[in-house]
Trainee: 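To start, I am sharing the structure in question, which I have written as structure tokens.
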Amino acid sequence: MATTLPNRSNSTSQEVYPLGDISPEAYRGLALHAAKELGWAIFDIDATGFKAYTNPYVAADNRLIHFSVNDDMASVRCENISAQLFDYGGGRIFQFIEKMQAMRPDFTEEELKSIYERREMLKVDTPTIAPEVTNRGFASFFLPREGYIITPLLVNISLLIFIIMRLSGVPFFAAGEEALIRWGANFGPDTLNGQPWRLITASFLSTGVLPLLVSMFALVYIGQILEPLLGSLRFTLAYLLGAIAAGLTSLWWNDAAATSGAFGAIFGLCGICLAVFSTELLPRGLRKSMFRNMCIFTLLCLFFLKQPSDYYVAVFGSLTYGVVFGYSTYRFLYI
């Protein structure tokens, strides 16, 4: 099959290319099989092609693929149907075409035509549980919508508290320990002596604008993935338990240090994702890519933290909690 792959760096949301030495019917069969192997949810199959969701379980990573073959030309279009900080739609097209090229030597022309003839068997009844997002502007990350209610609420509360603290005179870039304790940071002498609520309030405080921006970026990213899977109630519980786990770990390590920030709770959510994406709950193709992406995301967050050692101890405590929580509850997710 003499199909030319699009350049990854220049790949756009649509590619049109010649079929090469394969018939249109066989190429449609090859495309259907490749989409199935990638874990895509195939639906709306007609005489020229089909539509498929790339990740029907995770709203933040879902795309709508339009595939068609007319005469000797194939067309693949990737449509963003989710609210995202970044869009890598062209990468899905590259992945799809690359998968077809890798599979082509394994089938004869007749076998591929046979796949296409049995195309109705590859359709799914419920193509996606991840709702499409109509408003994809920057403001959408702060506005509740179906499957995304608690995440923007947590973000907005954290931003509001940050603004109020700065208006009251707390330094914009580096809040002092005394000010953080006054506003509710986790501090052993207070937390262990009648103020356990500090385990939770600490997660809504930020030492400065940079930690705030990084943590809110992380919360939006992981919230779009996990909240639709857990449901709003369990997502809230998971977030608060992550904050408590981080706070208790911090007290165990050094009860004289004041700790604050959302990353303790966020790494609890990361741990849940790592657990869920390492199970067989999702199709293999999606499971591998989501697990890899979450590992990279977790490592990047650790790199950008640049906090005292006490903070890393708290984060790893929360991450451990998240993994345990994820393995304990993944069978009850909304999938």
Side-chain angles (χ1 to χ4, degrees), residues 1 3-20 22 24-104 107 112 115-116 118-134 136 147 224-225 228 277 282-290 292-293 335:
M1 181 177 61
T3 301
T4 303
L5 280 172
N7 183 286
R8 184 184 292 269
S9 60
N10 296 325
S11 182
T12 64
S13 59
Q14 183 169 9
E15 289 291 335
V16 179
Y17 53 91
L19 298 184
I22 185 172
E25 294 79 10
Y27 196 72
R28 294 187 190 106
L30 179 63
L32 280 170
H33 195 64
K36 181 176 179 294
E37 286 295 305
L38 290 171
W40 295 359
I42 303 167
F43 68 106
D44 196 16
I45 305 176
D46 59 26
T48 61
F50 60 87
K51 295 179 183 178
Y53 288 109
T54 63
N55 195 335
Y57 308 103
V58 180
D61 194 51
N62 201 14
R63 298 291 187 281
L64 177 58
I65 297 292
H66 302 258
F67 172 82
S68 63
V69 174
N70 292 288
D71 298 326
D72 60 346
M73 300 294 292
S75 172
V76 187
R77 180 162 60 91
C78 182
E79 180 183 349
N80 181 16
I81 57 170
S82 62
Q84 277 209 321
L85 294 170
F86 303 104
D87 180 24
Y88 301 107
R92 300 299 197 288
I93 296 175
F94 184 97
Q95 178 190 32
F96 180 49
I97 299 176
E98 189 177 50
K99 185 70 173 178
M100 286 191 286
Q101 282 202 332
M103 295 173 59
R104 177 62 182 95
F107 297 92
L112 293 174
I115 292 175
Y116 185 67
R118 294 179 283 108
R119 56 188 178 274
E120 292 299 318
M121 298 175 59
L122 299 176
K123 289 175 62 174
V124 294
D125 296 328
T126 305
T128 180
I129 65 169
E132 295 189 16
V133 179
T134 54
R136 307 189 190 100
Q224 290 187 101
I225 294 174
F277 297 147
L282 301 178
R284 184 172 180 272
L286 294 180
R287 187 169 69 242
K288 288 179 61 178
S289 63
M290 293 302 295
R292 181 182 63 249
N293 291 344
I335 294 180

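Keep in mind that the numbers below use all heavy atoms, side chains included, and drop hydrogens, waters and symmetry copies.
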Trainee: Starting at CD of Glu15, measure out to CZ of Phe94 and round the result to the nearest 0.5 Å.
Mentor: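 If I round to the nearest 0.5 Å, the distance is 10.5 Å.
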
Trainee: Under 4.5 Å between any side-chain heavy atoms of Val76 and Tyr17, yes or no?
Mentor: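 Side chain of Val76 against side chain of Tyr17, heavy atoms only: contact under 4.5 Å found.
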
Trainee: Between the side chain of Asp71 and the main-chain N/O of Met73, is any donor-acceptor distance below 3.5 Å?
Mentor: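 Checked: no pair found.
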
Trainee: With rounding to the nearest 0.5 angstrom, report the NE2 to CG distance, His66 to Asp44.
Mentor: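 It comes to 9.5 Å.
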
Trainee: About how many Å separate CZ of Arg77 and CZ of Arg63, when rounded to the nearest 0.5 Å?
Mentor: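 So the gap between those two atoms works out to 14.0 Å.
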
Trainee: Of the non-hydrogen atoms in Ala35 and Phe96, which two are nearest, and what is the gap between them?
Mentor: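 So the minimum-distance heavy-atom pair works out to N-CE1, 3.9 Å.
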
Trainee: Return the minimal non-hydrogen interatomic distance between Ile225 and Pro228, and the atom names on each side.
Mentor: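 Result for this residue pair: O-CD, 3.7 Å.
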
Trainee: Starting at CZ of Phe67, measure out to CD1 of Ile97 and round the result to the nearest 0.5 Å.
Mentor: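 Here the rounded value is 9.0 Å.
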
Trainee: Taking all atoms of both residues into account, what is the closest heavy-atom pair of Asp46 and Tyr116, and its distance?
Mentor: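 Closest approach of Asp46 to Tyr116: O-OH, 2.9 Å.
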
Trainee: Working note: Thr54 + Ile65, criterion side chain to side chain contact (heavy atoms under 4.5 Å, CB included); need CA distance, chi angles, decisive distance, verdict.
Mentor: CA-CA 7 Å; Thr54 63; Ile65 297 292; 3.5 Å; yes

Trainee: Report yes or no: does Thr48 contribute a side-chain atom to a donor-acceptor pair with the main-chain N or O of Ser68 at less than 3.5 Å?
Mentor: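 No.
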
Trainee: Are Phe50 and Arg119 packed together at the side-chain level, in the sense that at least one heavy-atom pair is separated by less than 4.5 angstrom?
Mentor: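 Not touching, per the 4.5 Å side-chain cut-off.
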
Trainee: Going from CH2 on Trp40 to CD on Gln95, what distance comes out if it is rounded to the nearest 0.5 angstrom?
Mentor: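 So the CH2 of Trp40 and the CD of Gln95 are separated by 6.0 Å.
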
Trainee: Of the non-hydrogen atoms in Ala34 and Met100, which two are nearest, and what is the gap between them?
Mentor: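 Shortest heavy-atom separation between Ala34 and Met100 comes out as CB-CG, 3.5 Å.
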
Trainee: At what distance, to the nearest 0.5 angstrom, does NZ of Lys99 lie from NE2 of His33?
Mentor: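 The NE2 atom of His33 is 8.0 Å from NZ of Lys99, to the nearest 0.5 Å.
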
Trainee: Going by heavy atoms in the side chains, are Ser75 and Asn70 under 4.5 Å from each other?
Mentor: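 Ser75 does not reach Asn70 side chain to side chain.
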
Trainee: Is there side-chain contact between Arg104 and Leu112, with heavy atoms separated by less than 4.5 Å?
Mentor: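 Yes. Closest side-chain heavy atoms under 4.5 Å.
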
Trainee: What heavy-atom pair brings Ile42 and Ala52 nearest, and what distance separates the two atoms?
Mentor: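 Closest pair (atom of Ile42, atom of Ala52, distance): CA-CB, 4.0 Å.
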
